[in-house]
Asks: 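Quick one: this structure, given as structure tokens, is what I'll be asking you about.
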Protein chains: 2
Amino acid sequence: MARKSSAVDPLRLDNQICFAVYSAAHAFNRVYKPLLDRLGLTYPQYLVMLVLWERDDVPVKEIGEKLFLDSGTLTPLLKRLEAGHLVKRTRSSEDERQVLIALTPQGHALKEKARSVPQSILAATDCSVSELVTMKDEIVALRDRLNAVIGE
Amino acid sequence: MARKSSAVDPLRLDNQICFAVYSAAHAFNRVYKPLLDRLGLTYPQYLVMLVLWERDDVPVKEIGEKLFLDSGTLTPLLKRLEAGHLVKRTRSSEDERQVLIALTPQGHALKEKARSVPQSILAATDCSVSELVTMKDEIVALRDRLNAVIGE
DNA sequence: TCACATTTAATTGTCCGCAATTGAATGCTC
DNA sequence: GAGCATTCAATTGCGGACAATTAAATGTGA
């Protein structure tokens with residue numbers, strides 16, 4: 001009788017898509033790090049800046065929804081961005097519960113320095129753009145199914 | 001003249017595979033959390049246990065290589081597992097620089113309680129096994145290319 | 001209008017993740 | 001075998017991530 005093949009053992013590390021995703025996220029982080037160091041940003045801070053470069057003057061809540069992060073993560077992160085003079089935090093006058101995040105001139109200007117980042121990342125992946133777009137779409141679909149399960 | 005299409009703007013959040021991976025990793029974490037709470041483990045702790053269930057009595061270094069984590073992460077994590085009586089940490093007698101991690105009987109026993117986890121995760125992904133295997137292999141290949149760039 | 005629920009950020013505490021440093025053990029070279 | 005580099009784990013410090021709680025502002029219904 002053959003022992004159970006390791007190729008289908010569901011408890012094996014190598015067989016777990018979650019570990020693949022988890023370790024790929026860390027690998028990306030390590031590739032981004034030297035590029036983002038030049039901008040004075042961490043990766044999560046870079047994500048917040050991407051949101052703001054698309055649309056300025058947004059409440060914390062909206063940033064959280066786009067990045068799937070809560071105020072426990074965002075509040076201190078935004079305070080660090082404010083300390084670095086990249087954003088300004090002001091309470092909304094219409095709804096005093098909200099804090100609106102706006103780019104400073106330096107925050108806006110940083111976008112130009114960031115333009116070369118995606119290109120460098122693309123090179124590091126050693127993939128074609130179309131391959132990456134396909135993978136990205138699959139991963140996003142998977143993520144959305146997982147998030148749907150959580151919400152239920 | 002049409003303005004630049006957002007579908008190809010490389011600084012758009014939606015177009016970045018890294019954000020897809022990053023947010024998928026968090027989504028996985030949130031799905032795992034209630035399952036792992038029943039085992040008294042966090043996700044990184046669960047990964048360490050997966051390594052040990054495959055092979056016991058391993059040096060910290062080897063765990064780190066398999067999980068792409070360093071001692072700054074593993075040392076405190078392993079101390080918490082030891083405090084939970086799941087592993088024992090002992091300095092190797094052959095090479096006193098190494099700390100060997102061995103499962104306790106409780107650590108071994110926990111494997112049985114963990115067997116149902118991959119099944120639950122599979123259900124949450126709402127994917128076929130073959131789809132997941134394909135995606136996993138693609139993501140691992142991407143991760144390995146990224147790690148190769150870092151090492152260079 | 002007054003109680004009550006809801007929304008929103010902020011706070012606190014715990015656990016990762018990693019860079020940088022330290023210190024002990026080992027290996028290597030002359 | 002003495003000096004020197006390397007290896008390995010531990011430590012420190014900083015920045016996420018998130019659960020749980022708090023507190024203020026807003027909305028709602030009797």
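Quick note on labels: first sequence line is chain A, next is B, and so on, each numbered from 1. Since the model is a prediction, treat every value here as computed from it, not as a measurement.
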Asks: With respect to the side chain of A/Arg97, which nucleotide from D/dT6, C/dT8, C/dC15 is positioned closest?
Replies: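 Shortest atom-to-atom distance from the side chain points to C/dT8.
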Asks: Closest approach to the side chain of B/Glu96, judged atom by atom: which nucleotide of C/dA25, D/dA17, C/dC16 is it?
Replies: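 Side chain of B/Glu96 sits closest to C/dA25.
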Asks: Any donor-acceptor pair, under 3.5 Å, between the side chain of A/Ser71 and the base of C/dA10, if you only look at N and O atoms?
Replies: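 A donor-acceptor contact between them is present.
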Asks: Within a reach of under 6.0 Å around CD of A/Glu62, are more than 12 heavy atoms found that belong to other residues, nucleotides or ligands?
Replies: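 Yes - once you tally the heavy atoms of other residues, nucleotides and ligands closer than 6.0 Å, there are more than 12.
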Asks: Please state whether the phosphate of D/dT11, meaning OP1 or OP2, lies under 4.0 angstrom from any side-chain nitrogen or oxygen of B/Lys79.
Replies: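 Yes, within the criterion.
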Asks: What is the distance from CG of A/Asn29 to P of C/dG17, rounded to the nearest Å?
Replies: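 The answer, rounded to whole Å, is 11 Å.
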Asks: Does B/Thr42 reach the side chain of B/Leu36, with side-chain heavy atoms less than 4.5 Å apart?
Replies: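 Side chain of B/Thr42 against side chain of B/Leu36, heavy atoms only: no contact under 4.5 Å found.
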Asks: Side chain of B/Val60 only, please: which of D/dG16, D/dA9, C/dT8 is the nearest?
Replies: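 Side chain of B/Val60 sits closest to D/dA9.
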Asks: I need the CZ-P distance between B/Arg89 and D/dT11, as an integer number of Å.
Replies: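 The answer, rounded to whole Å, is 8 Å.
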Asks: Atom CD1 of B/Ile150 to atom P of C/dA19: distance rounded to whole Å?
Replies: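 Answer to the nearest Å: 9 Å.
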Asks: So, is B/Arg30 close to the D/dC18 phosphate, meaning a side-chain N or O under 4.0 Å from OP1 or OP2?
Replies: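 Checking B/Arg30 against D/dC18: at least one side-chain N or O falls below 4.0 Å of OP1 or OP2.
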Asks: Can you tell me how far C1' of D/dG16 sits from CG of A/Leu81, to the nearest Å?
Replies: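 After rounding, the reported distance stands at 12 Å.
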Asks: DNA chain C: A/Thr75 or B/Tyr43, which has the more 5' nearest nucleotide?
Replies: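 First, find each residue's nearest nucleotide; the 5'-ward one identifies A/Thr75.
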Asks: Taking the side chain as everything from C-beta on, heavy atoms only, tell me whether B/His26 gets closer than 4.5 Å to A/Phe68.
Replies: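 When only atoms from C-beta onward are counted, A/Phe68 and B/His26 do not touch, as no gap falls below 4.5 Å.
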Asks: Can a side chain N or O of B/Gln45 be found less than 4.0 Å away from OP1 or OP2 on C/dC16?
Replies: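 Checking C/dC16 against B/Gln45, a side-chain N or O does come within under 4.0 Å of OP1 or OP2.
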Asks: When the distance from CD of B/Glu65 to C1' of D/dT7 is rounded to whole Å, what number comes out?
Replies: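 In whole Å, D/dT7 C1' lies 12 Å from B/Glu65 CD.
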Asks: Using a 4.5 Å cut-off on heavy atoms from C-beta on, say whether the side chain of B/Tyr43 contacts that of B/Phe28.
Replies: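 A side-chain contact under 4.5 Å is absent here.
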Asks: Testing B/Glu131, B/Lys136, B/Glu138 one by one against B/Thr134 for a side-chain contact (heavy atoms from CB on, under 4.5 Å), which residue passes?
Replies: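 Result for side-chain contact (heavy atoms from CB on, under 4.5 Å) with B/Thr134: B/Glu138.
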Asks: Do A/Gln45 and A/Leu39 come within less than 4.5 Å of each other through their side chains, counting heavy atoms only?
Replies: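 Answer no - side chains too far apart.
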Asks: Reckon B/Pro76 touches a base, only the sugar-phosphate, or nothing at all at heavy-atom distances under 4.0 Å?
Replies: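 The residue B/Pro76 makes no contact with any strand.
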Asks: Contact class for B/Thr42 (heavy atom, under 4.0 Å): base, sugar-phosphate, or nothing?
Replies: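 It contacts sugar-phosphate atoms only.
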Asks: Counting only side-chain nitrogens and oxygens, does B/Tyr22 get under 4.0 Å of the OP1 or OP2 atom of D/dA17?
Replies: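 The answer is yes; a side-chain N or O of B/Tyr22 sits under 4.0 Å from OP1 or OP2.
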Asks: Report which part of the nucleic acid B/Leu69 touches: base, sugar-phosphate, or nothing (heavy-atom distance under 4.0 Å, all strands).
Replies: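 B/Leu69: backbone/sugar contact only, no base atoms under 4.0 Å.
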Asks: B/Lys33 NZ to C/dC16 P: how many Å, rounded?
Replies: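 My rounded result for the distance is 11 Å.
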Asks: Rounded to whole angstroms, how far apart are NZ on B/Lys61 and P on D/dC8?
Replies: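 Between P of D/dC8 and NZ of B/Lys61: 4 Å.
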Asks: Starting at atom CG of B/Asp70, determine the distance to atom C1' of D/dT11, rounded to an integer number of angstrom.
Replies: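 My rounded result for the distance is 12 Å.
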Asks: Applying a 4.0 Å non-hydrogen cut-off, can you work out what A/Glu94 is touching in the nucleic acid: base, sugar-phosphate, or nothing?
Replies: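 Here A/Glu94 touches the backbone only, sparing every base.
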